[in-house]
Protein chains: 2
Amino acid sequence: MGNSDDQWLEKFRQVSRDYSDASVIMHEVIAGKAGLTGADHKYLGLIIKKGESTAGEIAEITGLTGGAVTGLIDRLEKKGLVKRSPDPQDRRKVMIIPQVKKAMSLLGPVFSDLQERTKDLVSSFSAEEREIIERYFVAATGIMHDVTRNLRNKPK
Amino acid sequence: MGNSDDQWLEKFRQVSRDYSDASVIMHEVIAGKAGLTGADHKYLGLIIKKGESTAGEIAEITGLTGGAVTGLIDRLEKKGLVKRSPDPQDRRKVMIIPQVKKAMSLLGPVFSDLQERTKDLVSSFSAEEREIIERYFVAATGIMHDVTRNLRNKPK
DNA sequence: CTTATTTAGTTTAGTAACTAAAATATTTAA
DNA sequence: TTAAATATTTTAGTTACTAAACTAAATAAG
């Protein structure tokens, strides 16, 4: 790989870092507008994506301890964003049911500007171009998952 | 825009959300490996990007209050990642000097796997394809900055 | 069976990092 | 030379976290 490729790579890294930074900051501001902390907003997204699940499962997907999950669910429940419902099959368990409609009505208006403009942006690319972008995203996501897993398992 | 475009858009949104989620999680794990919290890692990145600056400027770019910046700098200084240096021109000011070498030596090894694999991934795209991906990133970053600014200024 | 162990979630005690406001030190303006 | 403004730190109070103790329910073992 030649020198100009290395320069390009450095620029590309900067561009993708800027993208990630902007994304994190934007999501924090969105969360604030909806009366949530950045962390609670992120976790709510995970809970909605997963769908109905137990407190234990939420601890796993969020990486939080049991006690922290209790607090998280307390806060989200108080805002009507999830509901607790005891599992009749196993009465130790508590099913956490995301209230998707409520979440949509809370977050939707805040997201609408972003979605509109993103739609316009992707429309400005041809189908072939969009396929290239998507291919990059999917591959990069896979790499990040791998790196995360490797770091977690590394002894040091 | 036809129906199949809408479906594509929905899929694209999912893909880019997955990318952002993976990025956030990975950076938290990277921070942990380096003995930092996710927040401190993020702020250190901002401080390095900005270069030498005052505590007040750091409060602005991070969105933290003055007191929180004092605590942040205390923690980073204890780890040797920044240095405090009183400004001789204005002795109320404290210049915060990021110790880039130290940060590199701490974070570099943790990032190396990611950088290697990202390099391989981008190499698998042609120059024209890479230009398309970069163009998308830059435009999307601009949109996110705009949306963030609009939300911050919105009265509601 | 009925007692011990495991599992699920919550509660508690202690900690870390935040905000808002008061305090300190220095500079600029009156 | 005093008053006001600016830059940072300190303090007091809050929030959300972890680790460990606790409660309740299900499963296993003698």
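Letters go in sequence order (proteins before strands), and every chain restarts at 1.
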note = Outermost contacting nts on DNA chain C, any atom under 4.0 Å from chain B heavy atoms, listed 5' then 3', are dA17(C) to dT27(C)
request  = Taking Glu77(B) for its side chain and Arg84(B) for its backbone only, find out whether a donor-acceptor pair lies under 3.5 Å.
outcome  = yes
For DNA chain C, the residues among residues 73-84 of chain B that have a non-hydrogen atom under 4.0 Å from it = Arg75(B)
Could you give the side-chain donor-acceptor pairs of residues 60-67 of chain B under 3.5 Å, partners two or more places apart or in another chain?
unit_1	atom_1	unit_2	atom_2	d
Thr62(B)	OG1	Ile58(B)	O	2.6
Thr62(B)	OG1	Ala59(B)	O	3.4
Thr62(B)	OG1	Leu64(B)	N	3.2

key: Side-chain (Ser123(A)) to main-chain (Lys119(A)) donor-acceptor, under 3.5 angstrom   = yes
request  = May I ask you to decide whether Asp120(A) forms a salt bridge with Arg117(A), counting only side-chain N to carboxylate O separations under 4.0 Å?
outcome  = no
ask   = Would Phe12(A) and Phe125(B) count as a close aromatic pair, with their ring centres under 6.0 Å?
value = no
message = For the backbone of Val110(B) and the side chain of Lys33(B), can you confirm whether one donor and one acceptor N or O come within less than 3.5 Å of each other?
response = no
ask   = For residues 34-62 of chain A, which residues have at least one heavy atom under 4.0 Å from DNA chain C?
value = Thr54(A), Ala55(A), Gly56(A)
task = Would you mind listing every ring pair (Phe, Tyr, Trp, His ring centres under 6.0 Å) that reaches into residues 54-84 of chain B, with sequence neighbours excluded?
result = none
message = Test of understanding: with salt bridge (Lys or Arg N to Asp or Glu O under 4.0 Å), list the residues that count as partners of Glu116(A), not counting sequence neighbours.
response = none
Heavy-atom check, side chain of Leu44(B) versus side chain of Ile48(B), under 4.5 Å = yes
inquiry  = Show me the pairs that pass ring pair (Phe, Tyr, Trp, His ring centres under 6.0 Å) and involve residues 30-79 of chain A, at least two apart or across chains.
reply    = His27(A)-His41(A)
remark   = ring pair (Phe, Tyr, Trp, His ring centres under 6.0 Å) pairs touching residues 45-69 of chain B, sequence neighbours excluded, are none
message = Once you measure the plane-to-plane angle for Phe137(A) and Tyr136(B), does it fall in the parallel (<30°), tilted (30-60°) or perpendicular (>60°) bin?
response = perpendicular
N/O contacts under 3.5 Å, protein versus nucleotides 25-28 of chain D?
unit_1	atom_1	unit_2	atom_2	d
dA26(D)	OP1	Arg91(A)	N	3.2

message = Listing request: all ring pair (Phe, Tyr, Trp, His ring centres under 6.0 Å) pairs with a residue in residues 51-101 of chain B, at least two apart in sequence or in separate chains.
response = none
task = Report the residues that fulfil salt bridge (Lys or Arg N to Asp or Glu O under 4.0 Å) with Arg13(B), sequence neighbours left out, ordered by chain and then residue number.
result = Glu10(B)
query = Taking five pairs at each end, how big is the angle between the two axes of the helix from dC1(C)-dG30(D) to dA30(C)-dT1(D), to 10°?
reply = 10°
task = Hey, could you give me the CD1/NZ distance between Ile97(B) and Lys83(B), rounded to the nearest 0.5 Å?
result = 8.0 Å
